[in-house]
Amino acid sequence: MKPSCTDHRPRWPLASLATVTTFAMVLAGCGAPTTQPPGSCIDTADHGCISVAEFESRRDQIAQQHLADPEYRAQPALARIKAHQAHASLEVVSGSGTEPGAGVTIGIIDTGVDLSHPELAAADIEEFLLQGVPDETRHDPRGYSHGTAVTSVIAAQPNNEWFVGLAWGADFKVFAAPIGGPYPGGYDPSTFDWAAAYRTVLASGVAIVNASYYAVGTFVENYTAAQLRAVLPQLKVVAQQGVTDPAIFVWSAGNDHGAPCSPLSAENCLADPGDPATDRYDATSPNILGGAVALLPELQGHNVVVAALAEDGSIADYSNRCGVAADWCIAAPGSGIVGAYFGPQGTGIARGLGGTSYATPLVTGGLALMNQLFRNQLSQRELVTRLFLTADKSGDYADTATYGQGALDLGAAVSPVGSPRVRTGSLADPGQSIQTTRLRLGSALGDGFSRAAAGLELAAFDDLGAPFWFELPALTELAGTPPSLERLHPLTAPPVPPGPPRPGLSPLVPPATPPADGPARHR
């Protein structure tokens with residue numbers, strides 16, 4: 001966790017609270033209040049200081065508006081990962097004009113992108129053709145533009161066309177690489193230097209890298225760390241050793257489960273009971289690109305591998321399982337995906353896309369939203385940890401061999417885990433719960449401090465170290481007057497169960513090298 005917070009709005013330094021004693025300020029626990037004064041409110045970007053009930057109403061209303069919007073509904077995966085909750089929280093706190101993903105730079109390594117596509121033309125996208133890789137055309141021998149479809153899952157613009165992306169306000173850098181084949185113009189992919197490519201990507205300043213490609217017919221449990229380092233020397237670049245806050249790489253697990261075995265790879269082949277002449281892969285772990293995180297400690301903490309969910313929420317029949325990479329693996333919707341289409345049939349959209357290639361950008365976009373909501377105050381490793389710990393682990397998702405850390409849940413990822421606490425000393429100090437924290441001022445000050453502190457915020461940190469911000473004046477009280485902390489309690493308590501009325505709280509941020517996609521049937 002980073003010890004300081006920055007934002008466009010001023011914030012009262014914690015050190016100042018501890019040293020300014022002339023105002024007789026105290027930062028301490030004070031017990032639970034019994035009443036809520038009628039003037040209590042939550043500060044918001046567009047609506048001023050509003051009541052708790054109004055905050056919740058506006059948040060829920062915005063979330064429902066997203067779910068009812070035709071462009072939102074056109075991409076069912078958004079509701080399945082609870083993106084509407086994350087988007088609604090962002091809009092209430094930061095303003096209705098806030099663009100999801102704004103301020104985050106996402107790198108996408110893929111076949112390329114059609115910059116003129118109606119869903120992407122207004123997005124902030126730069127394309128780079130690495131090492132002479134040919135640009136895609138409508139009649140490219142590789143088929144439709146895989147990179148255009150993958151990019152659109154995150155970047156499709158809200159333009160009343162077809163659908164909308166998860167983090168369409170981010171900045172995008174798309175790097176065309178030799179993924180798939182065959183290649184036009186006699187291009188030889190064997191000359192491509194992947195280590196140099198990754199150095200170029202990382203030098204561009206991206207925070208998160210989407211890698212929707214995999215090594216077909218390889219399963220990481222069949223290799224040793226020494227073999228991976230020898231076969232994939234480019235992973236030394238991906239490790240970013242010595243970098244304080246390395247970029248996050250998000251990898252596809254692979255689409256080999258149930259696919260016919262290749263003569264080049266005999267591991268994990270099982271006879272098909274329904275077709276004795278065909279052996280099929282039992283993809284019990286990710287491929288060696290994404291799965292390398294299981295064996296190479298230098299990749300752990302900032303590399304994520306993604307398995308795909310079917311439309312009913314179960315593991316997709318084609319998806320590699322998390323297996324030995326379970327600690328660094330998460331599942332996200334990968335079937336029934338809508339994407340931008342650029343290829344032989346023209347320009348438009350493709351429905352019913354399937355593959356871990358399309359689950360991967362949902363995780364990438366989710367990390368970008370988390371970074372934005374926490375105002376860039378979490379390190380990349382902290383974002384990955386939070387992504388994993390807040391994943392849905394209920395029911396079938398508790399099967400770590402299949403689903404790893406569970407199913408992506410952005411609603412939980414942007415909500416406080418436990419009660420946010422205010423730290424008063426060192427970072428090792430657990431601090432005081434925001435529910436029992438106040439600044440007590442001498443009565444001679446009157447309302448002078450509250451007026452002077454207008455617009456200032458105090459950061460409280462949840463159990464995973466994520467910051468949540470509260471208006472400083474709401475924490476102040478004058479000696480000899482009822483505690484104004486009572487105004488803060490409605491922001492942080494758990495939901496009130498049915499029964500007689502009693503004081504209740506709700507959080508400020510509410511819960512409420514490869515063919516890219518394997519066989520054509522999965523693309």
Side-chain angles (χ1 to χ4, degrees), residues 107-117 120 125-153 155 172-204 206 209-218 231-235 237-238 249 251-252 254-256 259-260 262-265 287-290 318 339-348 350 353-358 360-361 513-523:
I108 298 174
I109 304 174
D110 218 293
T111 62
V113 62
D114 176 21
L115 295 173
S116 64
H117 193 284
L120 301 175
I125 302 176
E126 293 182 88
E127 183 182 24
F128 304 86
L129 304 178
L130 296 176
Q131 302 174 33
V133 170
D135 198 5
E136 292 178 300
T137 67
R138 274 188 53 197
H139 299 286
D140 193 294
R142 290 170 286 181
Y144 78 96
S145 173
H146 182 270
T148 298
V150 167
T151 300
S152 70
V153 173
F172 298 91
K173 296 179 185 292
V174 179
F175 300 88
I179 296 169
Y183 304 93
Y187 177 79
D188 181 4
S190 68
T191 63
F192 193 80
D193 184 340
W194 278 97
Y198 289 135
R199 281 193 289 269
T200 298
V201 171
L202 292 171
S204 71
V206 297
V209 180
N210 190 91
S212 286
Y213 48 90
Y214 71 102
V216 174
T218 64
V231 173
L232 302 171
Q234 63 265 36
L235 293 182
V237 179
V238 174
F249 275 75
W251 302 88
S252 297
N255 303 328
D256 278 332
S262 166
L264 301 178
S265 177
N287 75 97
I288 57 174
L289 293 177
Y318 53 80
Y341 177 88
F342 174 68
Q345 298 179 38
T347 298
L353 294 171
T356 53
S357 278
Y358 303 110
T360 302
T513 305
D517 251 333
R521 65 190 180 96
H522 299 319
R523 297 183 61 181

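Position 1 is the first residue of the sequence, and the numbers go up from there.
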Quiz item: Hey, what do you get for OH (Tyr183) to CZ (Arg142), rounding to the nearest 0.5 Å?
Solution: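 CZ of Arg142 is found 6.5 Å from OH of Tyr183.
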Quiz item: Could you give the distance from CG (Leu115) to CD (Glu126), rounded to the nearest 0.5 Å?
Solution: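 Answer for the CG-CD pair, Leu115 versus Glu126, is 9.5 Å.
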Can you name the nearest heavy-atom pair linking [X] to [Y], along with the distance?
{"X": "Ile179", "Y": "Thr111", "answer": "O-CG2, 3.5 Å"}
{"X": "Glu136", "Y": "Ser145", "answer": "OE1-OG, 2.7 Å"}
{"X": "Leu130", "Y": "Ala197", "answer": "CD1-CB, 3.9 Å"}
{"X": "Ile288", "Y": "Thr218", "answer": "N-OG1, 3.3 Å"}
{"X": "Tyr144", "Y": "Ala149", "answer": "CE1-CB, 4.2 Å"}
{"X": "Pro178", "Y": "Pro189", "answer": "CB-CB, 3.8 Å"}

Main-chain N/O of [Y] paired to [X] side chain as donor or acceptor, under 3.5 Å:
{"X": "Arg138", "Y": "Gly343", "value": "yes"}
{"X": "His117", "Y": "Gly348", "value": "yes"}
{"X": "Gln131", "Y": "Asp193", "value": "yes"}
{"X": "Tyr198", "Y": "Gln234", "value": "no"}
{"X": "Asp114", "Y": "Thr148", "value": "no"}
{"X": "Ser252", "Y": "Gly254", "value": "no"}
{"X": "Thr137", "Y": "Asp140", "value": "yes"}

Quick one: are [X] and [Y] in side-chain contact, heavy atoms under 4.5 Å?
{"X": "Asn287", "Y": "Asp256", "value": "no"}
{"X": "Val206", "Y": "Val201", "value": "yes"}
{"X": "Leu120", "Y": "Ser152", "value": "yes"}
{"X": "Phe128", "Y": "Thr200", "value": "no"}
{"X": "Phe192", "Y": "Ser190", "value": "no"}
{"X": "Pro361", "Y": "Asn210", "value": "yes"}
{"X": "Thr356", "Y": "Ser212", "value": "no"}

Practice problem: Kindly indicate, with the supporting measurements, whether the criterion side chain to side chain contact (heavy atoms under 4.5 Å, CB included) is fulfilled by Tyr213 and Asp110. | Solution: CA-CA 8 Å; Tyr213 48 90; Asp110 218 293; 5.5 Å; no
Exercise. Hey, can you tell me if Phe249 and Trp251 have their rings parallel, tilted or perpendicular (30° and 60° cut-offs)?
Key: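 It falls in the parallel class, under 30°.
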Practice problem: Taking the six-membered ring for Trp and the single ring otherwise, decide whether the centroids of Phe175 and Trp194 are under 6.0 Å apart. | Solution: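 Aromatic pair excluded; centres sit 6.0 Å or further apart.
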Quiz item: Is the gap between the ring centers of His146 and Tyr358 under 6.0 Å?
Solution: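 Yes, close enough.
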Practice problem: Take Ile108 and Phe172 through the test side chain to side chain contact (heavy atoms under 4.5 Å, CB included) and record every step on the way to the result. | Solution: CA-CA 7 Å; Ile108 298 174; Phe172 298 91; 4.1 Å; yes
Practice problem: Check the pair Glu127 / Asp135 against side chain to side chain contact (heavy atoms under 4.5 Å, CB included), numbers first and verdict last. | Solution: CA-CA 10 Å; Glu127 183 182 24; Asp135 198 5; 3.7 Å; yes
